[in-house]
Amino acid sequence: MPITRGFLGKRRGPDRADRLPPGQYDTGSSWPTLTAEATPNLDVEKWTMSVDGLVETPRTWSWRELHALPGSTYFGDIHCVTTWSKFDVTFAGVSVDTLLEAAGPLPEAAYVMAHSTTGYTTNLPLADLTGGKAWVVWDYDGKPLPRGHGGPVRLLVPHLYFWKSAKWVTRLELMDRDRPGFWEQNGYHDRGDPWLEQRYQGDP
Ligand SMILES: Nc1nc2c(c(=O)[nH]1)N[C@H]1C(S)=C(S)[C@@H](COP(=O)(O)O)O[C@H]1N2
Ligand SMILES: [Mo]
């Protein structure tokens, strides 16, 4: 079948249908807000980012110190377990690799609990936070991250369902075994890979 110029002209990068994990729809330009707790008014002068637990050297960065680290940007898609996906988003901040390298994970560290200032938690395999797959971000589309979306700072783990991207993140705790976070205790999957449709406990 001949492909017309008009059809090709509408395409941006890989086929958008191929970028939609099973059971997801494209939310377009809208970006739903999903928050279990009250949105905090986080003061960056008091906020700190820590990496602790099973590490050689527990580390804590102030807002200013975090911004002095080499920056890193994500451009791509995000996927929420409530079935919306959003294409072509840009976040900027620092790679989680940079923070982990500074703290030095111990050999027995295999899982991480991400903690928010609000008490929200979510668990992840350490391997899902390394290798350029996860960020601590404060900038969305070239502007400060909106408060409702976790501003001034959130975790970003875009290859997993978005509940793993803890808003108002303040701490990454390295652990030797997996422990369920907030949504995971409430029936959601411990890993949450959208391409495997790991939505609930018991899914593959
Ligand atoms: N602190 C905190 N982080 C959170 C949540 C939350 O309720 N509290 N919800 C999670 C869920 S279920 C999703 S889908 C995304 C929603 O992010 P958004 O509101 O920016 O779309 O944040 C995740 N991070
Ligand atoms: Mo979600």
Side-chain angles (χ1 to χ4, degrees), residues 19-44 46-51 63 66 73-93 96 99 111-125 128-129 133-173 179-203:
R19 289 162 60 187
L20 214 47
Q24 298 291 110
Y25 74 94
D26 177 1
T27 187
S29 59
S30 82
W31 184 8
T33 301
L34 285 142
T35 309
E37 69 274 37
T39 296
N41 211 336
L42 199 156
D43 179 356
V44 295
K46 296 192 185 116
W47 176 87
T48 55
M49 183 69 216
S50 296
V51 176
W63 181 250
L66 205 72
T73 297
Y74 170 72
F75 175 74
D77 309 334
I78 53 178
H79 311 286
C80 174
V81 73
T82 61
T83 74
W84 57 262
S85 289
K86 189 167 171 56
F87 293 137
D88 297 331
V89 296
T90 308
F91 286 96
V96 171
L99 307 183
Y111 296 92
V112 176
M113 188 69 81
H115 298 261
S116 298
T117 58
T118 55
Y120 179 92
T121 52
T122 187
N123 53 305
L124 304 111
D128 279 314
L129 291 177
K133 296 194 291 292
W135 291 259
V136 169
V137 297
W138 47 80
D139 184 296
Y140 173 73
D141 257 353
K143 292 189 276 294
L145 181 65
R147 261 181 78 212
H149 288 300
V153 61
R154 79 180 296 164
L155 185 64
L156 175 69
V157 192
H159 72 288
L160 299 179
Y161 283 124
F162 213 35
W163 88 79
K164 300 289 181 180
S165 295
K167 304 197 270 192
W168 317 291
V169 70
T170 188
R171 178 181 175 211
L172 299 177
E173 176 192 8
R179 192 151 57 84
F182 174 76
W183 283 119
E184 294 82 3
Q185 287 172 43
N186 286 283
Y188 285 84
H189 200 276
D190 283 317
R191 175 139 188 273
D193 182 333
W195 296 98
L196 301 175
E197 270 208 276
Q198 294 172 331
R199 298 178 190 274
Y200 308 109
Q201 295 285 341
D203 284 348

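Excluded from the calculations below are hydrogen atoms, water molecules and symmetry mates; all remaining heavy atoms, backbone and side chain alike, are included. Just follow the structure's listing: the first ligand is 1, and inside any ligand the first atom is 1.
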Before signing off on this row, confirm whether R154 and ligand 1 have an N or O atom pair separated by under 3.5 Å.
-> yes
Hey, is ligand 1 close enough to W168 that some N/O pair sits below 3.5 Å?
-> no
Does P32 come within less than 4.0 angstrom of ligand 1, counting non-hydrogen atoms of the residue?
-> yes
Please confirm whether W183 comes under 4.0 Å of ligand 1, counting heavy atoms of the residue only.
-> yes
Can you report which non-hydrogen protein atom sits closest to [atom], along with the distance?
{"atom": "atom 18 (P) of ligand 1", "value": "H149 ND1, 3.4 Å"}
{"atom": "atom 3 (N) of ligand 1", "value": "K167 N, 2.9 Å"}
{"atom": "atom 1 (N) of ligand 1", "value": "E37 OE2, 2.8 Å"}
{"atom": "atom 9 (N) of ligand 1", "value": "L34 O, 3.1 Å"}
{"atom": "atom 12 (S) of ligand 1", "value": "W163 CB, 3.3 Å"}
{"atom": "atom 24 (N) of ligand 1", "value": "S165 O, 3.0 Å"}

Proximity to ligand 1 by part of K164, non-hydrogen separation under 4.0 Å | neither
For ligand 1, which part of Y188 has a heavy atom less than 4.0 Å away: the side chain, the backbone, both, or neither?
-> neither
Mind running ring-ring contact (aromatic ring centres under 6.0 Å, His included) on Y188 and W163 for me, showing each step along the way?
-> CA-CA 9 Å; Y188 285 84; W163 88 79; 5.3 Å; yes
H115 versus T121, side-chain donor and acceptor atoms under 3.5 Å | no
